[in-house]
Number of protein chains: 2
Amino acid sequence: MPTIARELADLAALIADPGRALILSRLMDGRAQTAGELALVAGVTPQTASWHLGRLVQHALLKVERRGPRRLYRLATPLVAQILEGMMTVAVTGPLGSRPPARIDAAMRRARTCYDHLAGELGVALADALRERDYLVLDQEVGELTEVGTAFLGSFGLDLRPSARHRRVLCRPCLDWSERRPHLAGRAGAALAELAFQRDWIRRRPQGRSVEITDTGLDAFRSLFGVRI
Amino acid sequence: MPTIARELADLAALIADPGRALILSRLMDGRAQTAGELALVAGVTPQTASWHLGRLVQHALLKVERRGPRRLYRLATPLVAQILEGMMTVAVTGPLGSRPPARIDAAMRRARTCYDHLAGELGVALADALRERDYLVLDQEVGELTEVGTAFLGSFGLDLRPSARHRRVLCRPCLDWSERRPHLAGRAGAALAELAFQRDWIRRRPQGRSVEITDTGLDAFRSLFGVRI
DNA sequence: GCAACGTTTCGATCAGGATCGAAACGTTCA
DNA sequence: TGAACGTTTCGATCCTGATCGAAACGTTGC
């Protein structure tokens with residue numbers, strides 16, 4: 001009877017080291033980083049980081065790709081990001097009565113990417129706004145884009161019509177760990193985030209996965225989507 | 001920037017101990033167990049188990065309830081079960097090339113409960129059968145009961161009409177870690193599992209969360225649902 | 001109130017793994 | 001080919017946390 005519990009414990013042990021958790025958290029935007037950069041993120045020497053990265057690759061949480069003399073590490077699959085995000089939600093719910101928002105980084109709470117879509121106050125406010133206009137139906141477990149919603153997003157050039165070609169689901173809720181309410185994920189969430197980057201409404205910060213909302217972005221989110229933020 | 005990663009690491013450390021993982025795994029059927037029973041499950045002395053249980057309660061993974069001289073422990077919320085289930089999926093995907101099914105307990109793989117619904121070969125086959133008859137649409141991220149499906153399940157006395165009263169979602173996919181394909185969760189999955197217990201199609205085994213499929217159960221699943229198992 | 005039982009607290013011990021210095025490896029570029 | 005750089009391997013050290021014996025605690029039932 002033990003085996004699956006053992007696998008669970010082994011996986012958890014892999015995430016349980018503060019340095020490795022920092023590395024995983026850093027890679028949750030889906031981008032790749034070199035071993036040296038990740039050593040800085042984890043706050044350890046390169047040789048220690050190498051040991052950690054080796055373990056993460058060996059257990060298939062990360063995959064590595066050689067780019068010249070350096071090695072680029074990234075999350076092995078989107079599923080890994082999704083599980084880590086879920087764990088963060090549980091982690092923050094934490095000790096009863098909760099002490100959560102206080103200890104959370106302000107920039108991360110404001111706006112960040114969650115693998116390929118938007119999260120944080122911005123992500124949740126965007127989902128709320130779309131819902132208020134009846135573009136979207138979304139609760140903690142399921143989500144659906146309405147016809148007017150599809151048309152509305154289509155007016156920005158996003159093709160979100162259901163299609164057999166795409167294996168990926170159109171619209172899915174993703175529980176936001178900092179806001180504790182769902183934001184928009186799936187193909188629709190990813191397309192919206194991509195649009196925001198392209199129009200310079202948001203910009204990636206040099207490190208970390210928090211993003212900066214530009215002035216034009218703030219205007220756009222408010223006037224075009226009715227976001228209250 | 002570090003804080004959320006730190007929370008993640010702390011949570012993972014909590015699950016990373018083999019004994020605690022066994023305890024959590026044991027409680028994933030949603031039922032409560034006494035401290036003494038859980039000590040046996042974890043394979044440690046009562047005082048060690050007490051130390052583990054204390055940590056799990058302190059970090060809000062478990063909640064405890066006093067029943068006379070003994071204390072009953074159970075998972076704090078369904079979200080905890082959901083996350084653990086997700087972690088198991090990632091854990092089993094594990095090392096490239098995979099060595100998964102071999103090390104997994106046969107009874108668990110055959111049929112088990114996943115908090116409140118059915119999982120394992122039985123759970124996945126049931127979802128497949130419902131899908132083949134166009135009662136259900138289900139992929140890895142979203143699920144929906146069709147009108148004929150709602151009517152079909154209604155003929156067993158299950159009231160699965162959408163309702164504002166129920167906060168809980170009707171139908172949701174849950175990735176099965178042993179089969180690596182989605183099975184049916186949400187209100188519909190829970191109702192179906194309850195039906196199966198009531199009609200004695202399946203029985204809980206004394207310990208663990210695997211279930212036994214009775215002879216009448218096997219007949220019922222095959223003839224009534226078209227399950228190939 | 002006392003005895004019995006399940007459970008927790010305390011204290012000491014022990015082990016696994018994270019860490020870094022030193023050195024080797026492998027790739028790129030001159 | 002040799003030098004420079006990023007990265008990994010090796011070896012030794014150190015520290016956190018899991019473990020159990022012993023004892024205390026709290027509840028129930030007589």
Side-chain angles (χ1 to χ4, degrees), chain A residues 2 5-27 31-59 61-74 91 95 207, chain B residues 2 5-27 31-59 61-74 91 95 207:
Chain A
R6 184 73 218 197
E7 303 281 342
L8 175 65
D10 288 346
L11 171 65
L14 217 57
I15 307 172
D17 178 80
R20 287 195 293 261
L22 280 163
I23 289 173
L24 289 168
S25 176
R26 177 66 185 82
L27 293 175
R31 289 185 292 179
Q33 297 289 332
T34 65
E37 288 169 320
L38 291 173
L40 290 178
V41 168
V44 294
T45 59
Q47 50 291 23
T48 301
S50 175
W51 143 259
H52 287 313
L53 291 168
R55 287 180 64 89
L56 290 170
V57 169
Q58 191 186 355
H59 287 78
L61 288 191
L62 300 186
K63 58 185 176 188
V64 60
E65 154 193 357
R66 317 181 70 122
R67 182 75 60 92
R70 50 192 93 203
R71 302 196 182 182
L72 293 176
Y73 290 87
R74 72 175 72 234
Q207 67 254 6
Chain B
R6 183 74 218 196
E7 303 281 342
L8 174 65
D10 288 346
L11 171 66
L14 218 58
I15 307 172
D17 178 81
R20 285 195 294 260
L22 280 164
I23 289 173
L24 289 168
S25 176
R26 177 67 185 81
L27 294 174
R31 289 184 293 178
Q33 297 290 331
T34 65
E37 287 169 321
L38 292 173
L40 289 178
V41 168
V44 295
T45 59
Q47 54 284 29
T48 302
S50 175
W51 143 259
H52 288 312
L53 291 168
R55 287 180 64 88
L56 290 170
V57 169
Q58 191 185 356
H59 287 78
L61 288 190
L62 300 187
K63 58 185 175 187
V64 60
E65 154 193 358
R66 318 181 68 121
R67 181 75 61 92
R70 49 194 94 205
R71 301 197 183 183
L72 292 177
Y73 291 87
R74 69 175 73 235
Q207 67 254 6

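Atoms considered below: every heavy atom in the structure, side chains included; atoms not considered: hydrogens, waters and symmetry mates. Order of the sequence lines fixes the chain letters, A, B, ..., with proteins taken first and strands second; residue numbering starts at 1 for each chain.
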request  = Kindly compute the distance separating CG (D10(A)) from CD1 (I15(A)), expressed to the nearest 0.5 Å.
outcome  =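 The CG atom of D10(A) sits 11.5 Å away from the CD1 atom of I15(A).
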
Report yes if at least one side-chain N or O of [X] is closer than 4.0 Å to OP1 or OP2 of [N]; otherwise report no.
X	N	value
Y73(B)	dG6(C)	no
R20(A)	dA18(C)	yes
S50(A)	dT7(D)	no
T48(A)	dA18(C)	no
R71(B)	dT8(C)	yes
H52(B)	dT19(D)	yes

request  = Go through L53(B) and L38(B) one step at a time and tell me if the side-chain contact (heavy atoms from CB on, under 4.5 Å) criterion holds.
outcome  = CA-CA 9 Å; L53(B) 291 168; L38(B) 292 173; 3.8 Å; yes

request  = Test side-chain contact (heavy atoms from CB on, under 4.5 Å) on H59(B) and L11(B) and set out the steps.
outcome  = CA-CA 8 Å; H59(B) 287 78; L11(B) 171 66; over 6 Å; no

Give the rounded distance in Å between these two atoms: [atom1] of [X] and [atom2] of [N].
X	N	atom1	atom2	result
W51(A)	dG16(C)	CH2	C1'	10 Å
I23(A)	dT19(C)	CD1	C1'	14 Å
Q47(A)	dT19(C)	CD	C1'	9 Å
R70(A)	dG26(C)	CZ	P	19 Å
L62(A)	dT8(D)	CG	P	12 Å
R66(A)	dC25(C)	CZ	C1'	10 Å
L53(A)	dT9(D)	CG	C1'	14 Å
R67(B)	dG29(D)	CZ	P	13 Å

message = Is there a salt bridge (Lys or Arg N to Asp or Glu O under 4.0 Å) between K63(A) and E65(A)? Walk through the geometry before answering.
response = CA-CA 7 Å; K63(A) 58 185 176 188; E65(A) 154 193 357; over 6 Å; no

task = Step by step, work out the side-chain contact (heavy atoms from CB on, under 4.5 Å) result for R26(B) and E37(B).
result = CA-CA 10 Å; R26(B) 177 67 185 81; E37(B) 287 169 321; over 6 Å; no

inquiry  = Of the options dA18(D), dC20(D), dT19(C), whose atoms approach the side-chain atoms of D17(A) most closely?
reply    =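 For D17(A), the side-chain atoms sit closest to dT19(C).
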
